[in-house]
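Residue numbers start from 1 in every chain, and the chains themselves are labelled A, B, ... in the order their sequence lines are given, proteins ahead of strands. This one's a predicted model, so the numbers in the text were calculated from it and none came from an experiment.
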Protein chains: 2
Amino acid sequence: MRMGELTRRAGVTSATVKWYIRIGLIPRGESTARNQAVYDERHLHRIRLIRALLEVGRLSVEQVQQLLAAVDDPALSPADIAAAAHAAISRPTGHADGDEALPVVDDYLRARGWSIAPDSPARRDLAAVLSALGRLTGPVGNDVAAPPAATGADIAHLLDPYADALEPLAVAEVTGLPPREQRAELVERIVLGTVLMDQAISALRRLAQESAFHASVDLPAGRREP
Amino acid sequence: MRMGELTRRAGVTSATVKWYIRIGLIPRGESTARNQAVYDERHLHRIRLIRALLEVGRLSVEQVQQLLAAVDDPALSPADIAAAAHAAISRPTGHADGDEALPVVDDYLRARGWSIAPDSPARRDLAAVLSALGRLTGPVGNDVAAPPAATGADIAHLLDPYADALEPLAVAEVTGLPPREQRAELVERIVLGTVLMDQAISALRRLAQESAFHASVDLPAGRREP
DNA sequence: GATAGTGGATAGCCCTACTATCCAAAACAA
DNA sequence: TTGTTTTGGATAGTAGGGCTATCCACTATC
């Protein structure tokens, strides 16, 4: 196919496709003349993947670049691909705030028996959340500039129900992956299972919450009367 | 306190605080002279909340504005606040792509017995995920321009384990909220429980996945040999 | 032969979230 | 008192992200 069909089927403009080619997100088409090239299904699929990561997965173009570079590296193991996908959905490094809660996170991970690399971005992300929660939910009038002990281990135990629920899901995801022989399917499952399922889980939680609010209003249960 | 102390304790520059005031994210300080004003703990807490929503929650300034407008509206019910928080973490409206999967989502919600408002942004977000998954994981060479039946109900049943795990969590979150009398605590719990816990859940899932990968490599289980 | 489409390159655009500068008027320090 | 710092308020500018528009010399198609 040529540019017109590619852009029509992918739902993007040719200017965008050309830009993606220039920044290395997709390979050039096969040249057939000085100003002609043909594209195949792989180009189409790649663009759809990029759009899904950008629009549904809310990644930045830079994050997509790094993730696809990992996808295209045949030397990487499934765990490496997963690490790249995890890095892609983590907040950009440089935010050093919240690192004072890292010891709390590490204690928590140790208590759960999870072995996590020290440079795992999710570790710092979780620390940032706990740090923010500690700063915001401290004693009613939070006085001191940087409350050091407020981010105690007592705030981490509120993660338990979530970790309990997520752990078996994660195990099932990892053990249910395709065999290493089907590398293309395996890699794509890891990427989509990380980036898109993250959004699906977020949406499902919101839907479950909305339904729970609905139920709590309709069935007073004890606080409200008819 | 005056500007200097406020910015030192909040960790932002005075230019940023002035900008937040101008766009209505925080109220002006109480004027004591033509070019003097005093701020109190509420200002400080508000700035910390804004920074948490922006940096940890990854909201845009516009999303924070709309969410805080709901927070400041005493006429809104807890469900209304939750709806505002849900809207804040949803992808901006205007993305109409993925709407062809809305019937699948609606079927799924009906099957689960969840009652969801038709304009719920999470509903469209979930449809966008399913649509993207359907487009990307169709038959090996996806041929047609817009595969209409590929996004079948068969793809939705893979949500079941996640929905099963999230539903009791959501119920516990909603029923465990503070009473309506403590409006400030209630509203803040809803906002933080929605926006920040979303990030915490994402981080926990990545950590659980990393740990599961670690375990699957160390304990071959059947596919790999020592 | 007329019309539309193409590859490649460069420049420009819009948006977001600040940041820098300016000013006259306090505030504090010696 | 005098010098230095800080402040409120306003306006203009900036850096980065993600495209978009335009141009040109070709090809393709009718």
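- A salt bridge links B:Asp125 to A:Arg206: one of the charged nitrogens lies within less than 4.0 Å of a carboxylate oxygen.
- With a cutoff of under 4.0 Å to any heavy atom of chain A, the contacted region of DNA chain C is bounded 5' to 3' by C:dG5 to C:dT10.
- Around atom CD of B:Gln182, more than 12 heavy atoms belonging to other residues, nucleotides or ligands sit under 6.0 Å away.
- Within a 6.0 Å radius of CZ in B:Arg42, other residues, nucleotides and ligands contribute 12 heavy atoms or fewer.
- Checked by atom type and distance alone, the side chain of B:Arg189 pairs as donor or acceptor with a backbone atom of B:Gly176 at under 3.5 Å.
- For the pair A:Trp19 CH2 and D:dG18 P, the computed distance is 6 Å after rounding to whole Å.
- A salt bridge links A:Asp72 with A:Arg46; the closest basic N to acidic carboxylate O contact falls under 4.0 Å.
- Within 4.0 Å of A:Arg51, counting heavy atoms only, lie sugar-phosphate atoms of the nucleic acid but no base atom.
- Rounded to an integer number of Å, the gap from A:Glu62 CD to D:dG16 P is 11 Å.
- Remark: side-chain polar atoms of A:Thr194 are paired, donor with acceptor, to backbone N or O of A:Ile190 under 3.5 angstrom.
- Residues of residues 22-31 of chain B that place a heavy atom closer than 4.0 Å to DNA chain D, in numerical order, are B:Arg22, B:Arg28.
- Rounded to whole angstrom, the span from the CD atom of A:Gln65 across to the P atom of D:dG16 amounts to 16 Å.
- Within the 4.0 angstrom heavy-atom criterion, only backbone atoms of the sugar-phosphate kind lie near A:Leu54; the bases stay farther away.
- Of the charged side-chain nitrogens involved, at least one lies within less than 4.0 Å of a carboxylate oxygen, so that A:Arg9 and A:Glu5 count as a salt-bridged pair.
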- Message: Base contacts versus sugar-phosphate-only contacts with protein, heavy atoms under 4.0 Å: please encode nucleotides 25-30 of chain D as B, S and - from 5' to 3'.
- Response: BBSSS-

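- The closest side-chain donor-acceptor pair between B:His86 and A:Gln209 falls under 3.5 angstrom.
- One distance of note links CZ of A:Arg123 with CG of A:Asp99; it measures 8.0 Å at 0.5 Å rounding.
- Toward the 5′ end of DNA chain C lies the nearest nucleotide of A:Tyr39, the other residue of the pair B:Thr13 and A:Tyr39 mapping further downstream.
- The closest donor-acceptor contact from the side chain of A:Thr137 to the backbone of A:Leu133 lies under 3.5 Å.
- Residue contacts shown for B:Ser60 are limited to sugar-phosphate atoms, with no base heavy atom under 4.0 Å away.
- The main-chain N or O of B:His43 is found under 3.5 Å from a side-chain atom of B:Asp40 such that the two form a donor-acceptor pair.
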